[in-house]
Amino acid sequence: MEIHQLSTPLRRALLVLSCLLLAIGNCCGPLIIRLYFVHGGNRIWLSSLLQTAGWPIILFPLTISYFFRRKSEGNQTKLIFMNLQVLMFAAPIGTLAGFCNYFSGSGIGHLPVSTVTLIFSTQLAFVAFFAFVLVRQKFTPYSVNAVVLLTMGAGVLAMHAGSDRPSGESKKTYVLGFVMALAAAALNGLIFPLIELTYVKAKQAITYSLVMEIQMVMCFAASVICTLGMIINNDFKVIPREAREYQLGETKYYMVLVWSCIIWQFYVLGAVGLIFCASSLFSGVMVTVLLPISEVLAVIFFHDKFQAEKGVSLALCLWGFVSYFYGEFKQAKKNSRQIKESEMSPTTDQHPAP
C-alpha cells in the first residue's frame with residue numbers, strides 16, 4: 001500500500017515507529033562502535049561491516065507482511081515487489097553506503113563520540129543541497145529556518161573541537177578521523193536524496209514492503225564492499241585473536257559485534273521509513289535533532305566534557321526542531337483547508353457545443 005493510501009492513524013504510527021528506530025540507531029550506533037574501539041578493537045573495515053551486516057533482520061518484517069497480504073490476496077500475492085529498474089538504482093546506492101560505512105567507522109575510531117557526532121550533524125547541509133538538486137525539495141521559511149538553526153547548533157559545538165584529542169591518538173590520526181567523518185557526512189547527505197530519487201523514478205507503486213526490499217539490497221551491497229575490504233585487510237584472520245585480547249572479555253566482544261549490527265539496522269530502517277513517510281530533508285532534520293542526545297550519552301558513558309556550548313547547541317537544535325514541525329503543521333492545515341474548499345465548491349455544468 002502506498003503512503004497516500006494509508007489511513008491517517010496508520011501513517012502516523014509508521015512515522016512514530018520510524019522516528020523511534022532512527023533515534024535508537026542514531027544515538028546508540030556511534031556509542032557501541034566507539035565501545036568496540038575503546039576496549040581494544042582496531043579493525044576499521046570490521047566496524048564498517050557492522051553498520052549494514054544486520055540486513056537479514058529485514059527478512060522478518062518482509063515475511064510477516066507477505067503472510068498478511070496473502071490472507072487477502074490469496075495465491076496471487078507477490079513474493080517480491082522490486083523490479084529490475086529499482087534494483088539497478090538500489091545496488092549502486094548500497095555501494096556508496098559501503099564506502100560511507102568505512103568513512104564513518106574511521107571517524108568513530110579516531111575521534112571522541114561527542115566530536116564525531118557533531119561532524120555527522122553537518123550532513124543536514126548536504127542533504128538540503130542534494131535534495132534541492134536531485135528531487136527539487138521545496139523549502140518554506142520554516143524549513144529554511146530549521147536548517148539554519150540546526151547548522152548553527154553544530155557550528156557552536158565545533159567550537160570545542162580539536163581540544164579533545166583522545167590520549168594516545170596522534171595529531172595525524174585525529175585529523176584523518178576528522179576528514180573521514182566529514183566525508184561520511186557528505187556522502188550520507190547524498191545517499192538520503194538518492195533514496196528519495198529512487199522512489200520518484202521507480203515505475204511502480206512505492207509500498208513500505210518495497211521500501212524494505214530496497215533497504216535490504218542497499219545493505220547487502222554495502223556489506224559486500226566492507227567484506228571485500230576485510231578480506232584484503234586480513235581482518236577475518238585477526239578477529240579470533242582480537243576477541244581473546246579484548247579488555248571486556250571474549251564473550252562481550254562478540255556481544256558488542258552482534259548488538260552493533262542490530263542497532264545500526266534500526267538506524268537504516270528508521271531513516272528510509274522517514275524518507276518514505278515524509279522526505280529526505282525531514283530524515284536529515286531528525287538526525288541533526290538527535291545530536292544533543294548523542295552528546296549527553298557520550299558524557300554519561302565515555303565521560304566526555306559537557307561544555308557550555310553544548311547547552312547552547314541543544315537549545316538551537318530544539319528551536320530548529322520546533323520551527324520545522326510548526327511549518328509542517330501549518331502546511332498540512334493549509335492543504336486540508338484547500339481540499340475541503342475544492343470538495344465544497346459547486347461544479348460547473350458542461351454544455352455540449354452546438
Side-chain angles (χ1 to χ4, degrees), residues 1-3 5-7 9-33 46-83 86-87 89-91 93-95 97-98 100-101 191-192 195 198-199 202 204-227 254-278 283 286-287 290:
M1 187 176 291
E2 296 183 71
I3 186 64
Q5 295 176 327
L6 296 177
S7 63
L10 185 57
R11 181 176 178 177
R12 288 177 179 171
L14 185 58
L15 186 64
V16 170
L17 176 62
S18 298
C19 288
L20 180 61
L21 291 174
L22 182 68
I24 295 172
N26 189 71
C27 295
C28 300
L31 291 175
I32 196 166
I33 292 292
L46 173 58
S47 69
S48 308
L49 178 64
L50 297 176
Q51 297 176 47
T52 48
W55 63 266
I57 294 174
I58 304 176
L59 290 172
F60 290 101
L62 280 176
T63 302
I64 294 172
S65 174
Y66 171 77
F67 282 110
F68 267 105
R69 286 184 286 109
R70 188 177 175 84
K71 286 183 179 180
S72 58
E73 299 175 14
N75 295 330
Q76 303 298 321
T77 307
K78 284 186 177 181
L79 181 62
I80 299 174
F81 280 99
M82 184 182 298
N83 60 29
V86 174
L87 177 64
F89 270 100
I93 297 175
T95 302
C100 184
N101 290 353
I191 289 172
F192 278 20
I195 295 173
T198 301
Y199 298 164
Q204 62 179 113
I206 303 298
T207 64
Y208 194 65
S209 294
L210 177 60
V211 168
M212 288 190 289
E213 290 176 10
I214 293 172
Q215 187 56 44
M216 188 169 67
V217 170
M218 287 172 51
C219 288
F220 177 77
S223 298
V224 169
I225 296 296
C226 296
T227 302
Y254 290 111
M255 286 180 63
V256 167
L257 300 189
V258 171
W259 277 106
S260 295
C261 294
I262 295 173
I263 289 173
W264 278 108
Q265 203 56 45
F266 286 170
Y267 169 81
V268 293
L269 279 172
V272 298
L274 289 181
I275 295 172
F276 173 69
C277 295
S283 190
M286 282 300 302
V287 168
L290 294 167

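Any value given below was found using the heavy atoms of this structure, including those in side chains, with hydrogens, waters and symmetry copies removed.
- Nearest heavy-atom pair, Ile93 versus Ile195, reported as atom, atom and distance to 0.1 Å: CD1-N, 4.2 Å.
- For the pair Leu269 and Tyr208, the tightest heavy-atom approach, listed with the atom from each and the gap, is O-OH, 4.2 Å.
- Considering CG of Leu15 and SG of Cys277, their distance stands at 5.5 Å, rounded to 0.5 Å.
- Cation-pi contact between Lys71 and Phe68: present, with separation from the ring centre below 6.0 Å and deviation from the ring axis of at most 45°.
- The shortest distance between side-chain heavy atoms of Tyr66 and Leu79 falls below 4.5 Å.
- Nearest heavy atom pair, residue Thr63 against residue Leu59, reads OG1-O, 2.7 Å.
- Listed here is the closest heavy atom pair of Ser47 and Ile33: O-CD1, 3.9 Å.
- The minimum heavy-atom distance linking Ala222 with Gly98 is given by the pair CB-N, 3.5 Å.
- Atom CZ of Phe276 and atom CG of Leu14 lie 6.5 Å apart (nearest 0.5 Å).
- The structure places CD of Gln51 at 7.5 Å from SG of Cys100, a figure rounded to the nearest 0.5 Å.
- Leu87 CG: more than 12 foreign heavy atoms inside a 6.0 Å radius.
- Closest non-hydrogen pair, Ala202 versus Val86, comes out as CB-CG2, 3.6 Å.
- Between the SG atom of Cys28 and the OH atom of Tyr267 there is a distance of 13.5 Å, given to the nearest 0.5 Å.
- Expressed to the nearest 0.5 Å, how far CE of Met212 lies from OG of Ser65 amounts to 5.5 Å.
- Note on ring orientation: taking the six-membered ring where Trp is involved, the planes of Trp55 and Phe220 are perpendicular (angle over 60°, cut-offs 30° and 60°).
- With values rounded to the nearest 0.5 angstrom, Leu210 atom CG is found 11.0 Å from Ile80 atom CD1.
- Inter-residue side-chain proximity for Val268 and Met218 is flagged as unmet; no heavy-atom pair is nearer than 4.5 Å.
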Any chance you could lay out the side chain to side chain contact (heavy atoms under 4.5 Å, CB included) test for Leu62 and Met216, step after step, and finish with the verdict? CA-CA 10 Å; Leu62 280 176; Met216 188 169 67; 4.1 Å; yes

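- Tested against Leu50 for a side chain to side chain contact (heavy atoms under 4.5 Å, CB included), the candidates Ile263, Leu257, Ile32 yield a single pass: Leu257.
- For the pair Val272/Tyr199, a side-chain contact is recorded, criterion being any heavy-atom separation below 4.5 Å from C-beta on.
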